[in-house]
Amino acid sequence: MASLGVSMSGPRFRIAPSPTGFFHVGGARTALYNWALAKRLGGTFVLRIEDTDEARNQPQWTQGIIDALAWIGISSDDPAFEGPYFQSSYAGQHVDAALRLFESGNAYYCDLTAQEVQDRAKAAGKPGYDGYSRDRGLSAGPGRVLRFKTPRSGTTVVHDAVRGEVSFANDTIEDFVLLRSNGSPMFMLANVVDDIEMRISHVVRAEEHLPNAPKQQMLWDALGTVPPVWAHVPVVVNEQRKKLSKRRDKVALEGYREEGFLAAAMVNYLMTLGWAPRGETEIVEWSTIERDFRLEDVNHSPAFFDIKKLMAFNGEYIRALELADFIDACQPFLLSRNVPWPAERFDAAVFAAMAPLVQTRVATLADVPAMVDFLFLADPSVDGAAWTKAIGAAGAKQVLADTIASYRELASWDAESLKTALEEVSARHGLKLGKAQASIRVAVTGRAVGPPLFEPLELLGRTETLRRLLAAESATG
RNA sequence: GGCCCCAUCGUCUAGUGGCCUAGGACACCACCCUCUCAAGGUGGCGGCACGGGUUCGAAUCCCGUUGGGGCUGCCA
């Protein structure tokens with residue numbers, strides 16, 4: 001459509017999410033495929049919000065989709081990005097196209113109700129519409145649907161960029177509805193008309209749409225246009241090998257952002273589902289993906305969305321961050337309302353000092369608060385089991401008392417001195433440092449595991465450290 | 001039921017007839033390092049679904065079986 005001012009040069013790709021309130025991770029992967037191709041080929045990535053129900057198809061419903069795409073690097077500011085478009089803006093053309101199909105003899109009206117169609121199918125023992133009105137020559141009228149007249153012989157071959165040639169016997173494709181009895185266009189028709197109007201050249205989407213491809217291709221042909229390049233990529237599945245669904249699985253891309261996954265890690269991981277970068281490592285930059293991604297190389301079988309592997313990728317990406325960037329990335333998780341400490345006790349400088357120690361120890365940014373909470377909590381809650389094991393251990397009380405005495409007199413309150421002092425205490429009790437530090441750790445942090453001990457002790461200061469050690473000592477009775 | 005798709009370690013994959021006694025990554029296990037936990041290093045466990053072909057030679061090609069999945073609306 002020239003009136004839209006769309007670019008006519010270069011291949012045109014589109015994604016067509018439905019405004020469901022979240023953006024599906026499977027859709028994100030498909031979007032990434034389209035984006036990589038559009039960018040490499042100097043084409044256009046078209047975002048079209050797919051819903052013929054105008055009530056649901058409002059700009060405000062789509063902001064979430066746009067934000068989610070932006071997060072994974074598909075920015076509406078990029079010149080290759082076009083849209084978002086709303087299918088409903090072509091409603092008139094959908095009906096026009098249907099009428100043209102009727103006039104050219106490619107479609108016919110049928111007055112059977114949905115119930116009647118079902119009854120006939122049941123009686124015949126074959127599911128689907130049986131072509132009852134095919135040759136009845138009905139004209140348009142109330143209560144009549146317009147159906148596409150599919151060929152009754154021959155085969156329709158869909159040339160698929162990832163699967164090769166897929167052929168369908170035409171007599172297995174029923175005469176599907178184009179216009180409802182109230183005259184409104186069906187999605188299938190609307191979808192094809194929009195693709196034609198927008199000069200879409202490549203339709204890259206999930207495999208679940210493959211059975212629709214022959215029907216859509218028939219429509220392209222009947223409307224006098226040459227069909228696009230089809231590419232049906234495998235679906236993403238859960239551990240039961242079923243397509244990811246909103247009910248059963250965690251599929252919202254936004255949810256992963258909230259849980260502290262880095263966009264770059266998410267993008268990289270998503271791309272490895274069904275496709276592998278050329279080099280010896282699968283951790284690759286987007287530029288590499290853009291350069292190397294080919295539809296022909298996409299796997300044919302479904303891929304399991306493995307959160308464990310996503311976490312491993314995320315950990316790698318977190319560790320690769322510059323310290324300042326890591327600290328920045330942590331901010332939303334440190335300043336969030338869900339944080340365990342009172343907001344006013346948070347100290348950015350203390351966190352900055354701890355940051356290098358936590359950076360190698362977290363898989364997601366959401367893990368960060370629990371690593372440093374004891375620094376900002378007035379009284380860290382104590383893990384009962386850890387307490388019993390570390391403080392209740394034989395000799396632990398003496399170690400505690402000895403450490404308190406030593407720390408009281410310590411000339412310089414710094415991590416190195418604190419360590420040396422505790423080493424001396426340990427030696428006096430015939431313990432290894434690893435053993436002796438356990439009770440100190442639990443007394444001060446409330447946990448048996450955590451970041452290295454002496455740096456936080458330094459940050460906490462002598463007064464507070466001793467206060468906690470004393471409290472632990474007296475609690476042993 | 002009908003139509004369609006798929007099949008390499010537990011998982012994601014490399015592999016396009018000889019470089020394969022099948023390579024990598026995640027997970028798992030062991031060891032090293034080490035103030036706990038991580039990170040890092042080293043090593044280990046583990047796979048071509050099955051049966052027939054074709055070929056001098058098959059993970060790779062063909063057929064079948066089995067097993068998985070998707071679609072099957074006057075929803076989108």
Side-chain angles (χ1 to χ4, degrees), chain A residues 16-20 50-53 56-57 87 110 112-115 117-118 125-129 143-147 158 160 162-163 166-169 171-174 176-184 186-188 190-191 206-214 232 234-235 237 239-243 269 272-283 297 299-313 315-316 319 357-363 371 386 390 415 418-419 422-423 426 432-438 440-442 445 447-454:
Chain A
S18 222
T20 48
E50 207 80 311
D51 208 311
T52 55
D53 181 348
R56 281 190 297 179
N57 207 343
Q87 203 170 41
C110 174
L112 253 34
T113 64
Q115 186 58 50
V117 169
Q118 256 186 48
K126 280 184 187 171
Y129 179 69
R144 293 179 181 178
V145 299
L146 184 69
R147 285 180 181 273
V158 172
D160 191 288
V162 347
R163 280 153 215 284
V166 184
S167 50
F168 300 82
D171 60 9
T172 65
I173 300 174
E174 69 171 17
F176 53 96
V177 174
L178 261 19
L179 255 29
R180 301 187 182 88
S181 56
N182 68 5
S184 64
M186 288 286 285
F187 170 79
M188 173 94 61
N191 190 44
E207 188 198 338
E208 57 198 283
H209 296 286
L210 187 49
N212 286 330
H232 291 91
V235 294
V237 300
E239 47 279 281
Q240 281 88 43
R241 303 247 113 218
K242 299 254 200 279
K243 190 177 67 167
Y269 174 65
T272 65
L273 253 32
W275 179 76
R278 289 173 180 285
E280 59 273 10
T281 169
E282 36 187 15
I283 301 285
D297 296 337
N299 252 285
H300 296 187
S301 46
F304 168 54
F305 188 90
D306 186 359
I307 200 117
K308 281 236 188 91
K309 188 158 182 176
L310 206 211
M311 285 195 159
F313 270 51
E316 282 220 39
R319 276 171 251 128
L357 269 18
V358 337
Q359 192 171 5
T360 57
R361 269 163 259 260
V362 292
M371 283 268 54
L418 287 160
K419 184 181 178 188
L422 186 59
E423 273 168 347
S426 315
K432 289 197 168 176
L433 179 57
K435 193 83 174 173
Q437 63 91 35
I440 308 301
R441 175 183 296 281
V442 174
T445 74
R447 294 196 185 88
V449 299
L453 185 59
F454 305 104

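Chain identifiers are assigned alphabetically (A, B, ...) following the order of the sequence lines, protein sequences preceding nucleic acid strands; residue numbering begins at 1 within each chain.
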Peer 1: Going by modelled atom types, is there a donor-acceptor pair between the base of C12(B) and the side chain of Lys309(A) at under 3.5 Å?
Peer 2: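 Under the 3.5 Å cut-off, the side chain and the base do form a donor-acceptor pair.
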
Peer 1: Could you tell me whether a side-chain N or O of His300(A) sits under 3.5 Å from a main-chain N or O of Pro234(A), the two making a donor and an acceptor?
Peer 2: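 Judged by distance alone, no pair lies under 3.5 Å.
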
Peer 1: With a 3.5 angstrom cut-off on both distances, give the Watson-Crick or G-U wobble partner of A30(B), or none if there isn't one.
Peer 2: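 WC or wobble partner is U42(B).
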
Peer 1: For the atom pair CG (Asp160(A)) and CG (Leu210(A)), what is the distance rounded to the nearest 0.5 Å?
Peer 2: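 The CG atom of Asp160(A) sits 6.5 Å away from the CG atom of Leu210(A).
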
Peer 1: Between A25(B) atom C1' and Leu273(A) atom CG, what is the distance in whole Å?
Peer 2: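 Atom-to-atom, Leu273(A) to A25(B), this comes out as 13 Å.
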
Peer 1: Suppose we call two aromatic rings close when their centres sit under 6.0 Å apart. Are Phe176(A) and Tyr129(A) close by that rule?
Peer 2: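 No.
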
Peer 1: If you check the Thr113(A) side chain, which of C74(B), G70(B), C4(B) turns out closest?
Peer 2: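 When the side chain of Thr113(A) is considered, C74(B) is the closest of C74(B), G70(B), C4(B).
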
Peer 1: Considering every strand and a 4.0 Å limit on heavy-atom distances, what is the contact class for Met188(A): base, sugar-phosphate, or nothing?
Peer 2: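 Touches nothing.
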
Peer 1: Give a yes or no on whether the backbone of Thr20(A) and the side-chain of Ser18(A) come within a donor-acceptor separation of less than 3.5 Å.
Peer 2: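 No.
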
Peer 1: Distance between the P atoms of C61(B) and G15(B), in whole angstroms?
Peer 2: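 Straight-line distance between the two P atoms is 13 Å.
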
Peer 1: Is the backbone N or O of Leu357(A) less than 3.5 Å from a side-chain atom of Arg361(A), with the two atoms forming a donor-acceptor pair by type?
Peer 2: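 Side chain of Arg361(A) to backbone of Leu357(A), a donor-acceptor pair under 3.5 Å: yes, one is there.
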
Peer 1: Is there a Watson-Crick or G-U wobble partner for G1(B) with both distances under 3.5 Å, and if so, which one is it?
Peer 2: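 Its partner is U72(B).
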
Peer 1: What integer distance in Å separates Phe304(A):CZ from G69(B):C1'?
Peer 2: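 Distance, rounded to whole Å: 15 Å.
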
Peer 1: Are OP1 or OP2 of A76(B) and a side-chain N or O of Arg180(A) less than 4.0 angstrom apart?
Peer 2: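 So the side chain of Arg180(A) is within the cut-off, an N or O lying under 4.0 Å from OP1 or OP2 of A76(B).
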
Peer 1: Measure the shortest side-chain to side-chain distance between Leu433(A) and Lys419(A) over non-hydrogen atoms and say whether it is less than 4.5 angstrom.
Peer 2: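 A side-chain contact exists here, since the closest heavy-atom pair is under 4.5 Å.
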
Peer 1: Using the C1' atom on both, measure G24(B) against C20(B) and round to a whole Å.
Peer 2: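 My reading of the C1' atoms in G24(B) and C20(B) gives 14 Å.
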
Peer 1: Check whether any side-chain N or O of Arg163(A) sits under 3.5 Å from a backbone N or O of His232(A) as a donor-acceptor pair, and report yes or no.
Peer 2: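 Such a contact is found between Arg163(A) side chain and His232(A) backbone.
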
Peer 1: Is a donor from one side chain sitting under 3.5 angstrom from an acceptor on the other, for Thr445(A) and Arg441(A)?
Peer 2: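 No, because no side-chain N or O of Thr445(A) sits under 3.5 Å from a partner of the opposite role on Arg441(A).
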
Peer 1: What is the distance, to the nearest angstrom, from the CZ atom on Phe187(A) to the P atom on C71(B)?
Peer 2: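 Interatomic distance, CZ of Phe187(A) to P of C71(B): 14 Å.
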
Peer 1: Using atom P in both nucleotides, what's the gap between A7(B) and U60(B) to the nearest angstrom?
Peer 2: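 Per the computed distance, 12 Å lies between those P atoms.
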
Peer 1: Between Phe305(A) and Ser18(A), which residue's closest nucleotide on RNA chain B lies nearer the 5′ terminus?
Peer 2: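 Its nearest nucleotide lies further toward 5', so the answer is Phe305(A).
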
Peer 1: Tell me the interatomic distance from Lys243(A), atom NZ, to C6(B), atom C1', rounded to whole angstroms.
Peer 2: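 Taking NZ of Lys243(A) and C1' of C6(B), I get 16 Å after rounding.
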
Peer 1: Between Leu310(A) and Arg147(A), who's closer to the 5' end of RNA chain B by nearest nucleotide?
Peer 2: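 Closest to the 5' end, via its nearest nucleotide, is Leu310(A).
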
Peer 1: How would you label the contact of Leu146(A) with the nucleic acid (heavy atoms, under 4.0 Å): base, sugar-phosphate, or nothing?
Peer 2: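 It contacts nothing in the nucleic acid.
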
Peer 1: Rounding to the closest angstrom, what is the interatomic distance between U16(B) and A59(B) at atom C1'?
Peer 2: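 Pairwise C1' distance, U16(B) against A59(B), rounds to 11 Å.
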
Peer 1: Which base sits across from A7(B) as a Watson-Crick or G-U pair, both distances under 3.5 Å?
Peer 2: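 For A7(B), the partner nucleotide comes out as U66(B), under the 3.5 Å rule.
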
Peer 1: For Lys308(A) and C26(B), is the shortest distance between a side-chain N/O and OP1 or OP2 below 4.0 Å?
Peer 2: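 Looking at the OP1 and OP2 atoms of C26(B), neither is under 4.0 Å from any side-chain N or O of Lys308(A).
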
Peer 1: For a quick test of reading the model: is some side-chain N or O of His300(A) closer than 4.0 Å to OP1 or OP2 of C6(B)?
Peer 2: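 Yes, within the criterion.
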
Peer 1: So, Asn299(A) side chain and Ser301(A) main chain: donor-acceptor pair closer than 3.5 Å or not?
Peer 2: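 No, Asn299(A) side chain to Ser301(A) backbone: no donor-acceptor pair under 3.5 Å.
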
Peer 1: Can you tell me which nucleotide in A14(B), C5(B), G73(B) comes closest to the side chain of Ala276(A)?
Peer 2: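 For the Ala276(A) side chain, the nearest candidate turns out to be A14(B).
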
Peer 1: Once you apply a heavy-atom cut-off of 4.0 Å, does Gly125(A) come out as touching a base, just sugar-phosphate, or nothing?
Peer 2: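 The answer is nothing, as Gly125(A) stays clear of every strand by at least 4.0 Å.
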
Peer 1: Counting any heavy atom closer than 4.0 Å, what does Val145(A) reach on the DNA or RNA strands: base, sugar-phosphate only, or nothing?
Peer 2: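 Val145(A): base contact, heavy atoms under 4.0 Å.
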
Peer 1: Would you measure the distance from the P atom in C29(B) across to the matching atom in C45(B) and give it in whole Å?
Peer 2: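 Comparing P positions in C29(B) and C45(B) gives a spacing of 16 Å.
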
Peer 1: Could you check which nucleotide pairs with A14(B) in any of the strands shown, counting Watson-Crick or G-U wobble with both distances under 3.5 Å?
Peer 2: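 Check on A14(B): unpaired, no WC or wobble geometry under 3.5 Å.
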
Peer 1: Among G69(B), C5(B), U13(B), which nucleotide sits nearest the side chain of Val235(A)?
Peer 2: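 Shortest atom-to-atom distance from the side chain points to G69(B).
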
Peer 1: When every nucleotide of nucleotides 31-48 of chain B is labelled 5' to 3' by its protein contacts under 4.0 Å (heavy atoms), B for base, S for sugar-phosphate only, - for none, what sequence of letters results?
Peer 2: ----BBBBSS--------

Peer 1: What interatomic distance, in whole Å, is found between P of C6(B) and the corresponding atom of G44(B)?
Peer 2: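 Here G44(B) and C6(B) have their P atoms 36 Å from each other.
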
Peer 1: What is the distance, to the nearest angstrom, from the CD atom on Glu207(A) to the P atom on A7(B)?
Peer 2: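 Result: 10 Å.
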
Peer 1: When the C1' atoms of U13(B) and A39(B) are compared, how many Å lie between them, rounded to an integer?
Peer 2: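 It works out to 25 Å between them.
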
Peer 1: For Glu282(A) and C12(B), give me the distance from atom CD to atom P, rounded to whole Å.
Peer 2: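 Taking CD of Glu282(A) and P of C12(B), I get 12 Å after rounding.
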
Peer 1: Which whole-number value in Å describes the distance from Tyr269(A) OH to U11(B) C1'?
Peer 2: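 For the pair Tyr269(A) OH and U11(B) C1', the rounded distance is 8 Å.
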
Peer 1: Taking only the P atom of each, what is the distance from U66(B) to C28(B) in whole angstrom?
Peer 2: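 Here U66(B) and C28(B) have their P atoms 38 Å from each other.
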
Peer 1: Can you tell me the Watson-Crick or wobble partner of A22(B), both distances under 3.5 angstrom?
Peer 2: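 Because no pair has both required distances under 3.5 Å, A22(B) counts as unpaired.
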
Peer 1: Does the base of C74(B) carry an N or O that pairs as donor and acceptor with the side chain of Ser181(A) under 3.5 Å?
Peer 2: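 When only heavy-atom distances are counted, Ser181(A) does reach the base of C74(B) through a donor-acceptor pair under 3.5 Å.
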
Peer 1: NA contact type, Arg163(A), heavy-atom cut-off 4.0 Å: base, sugar-phosphate, or nothing?
Peer 2: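 Answer is sugar-phosphate: Arg163(A) comes under 4.0 Å of backbone atoms only.
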
Peer 1: Classify the nucleic acid contact of Lys126(A) as base, sugar-phosphate or nothing, counting any heavy atom under 4.0 Å across all strands shown.
Peer 2: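 Nothing, no nucleic acid heavy atom in range.
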
Peer 1: Look at the side chain of Tyr269(A) and the backbone N and O of Met311(A), then say whether any donor-acceptor pair between them is shorter than 3.5 Å.
Peer 2: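 Absent.
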
Peer 1: Using atom CG of Asn299(A) as one end and atom C1' of A59(B) as the other, report the distance to the nearest whole Å.
Peer 2: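 Going from CG in Asn299(A) over to C1' in A59(B) covers 14 Å.
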
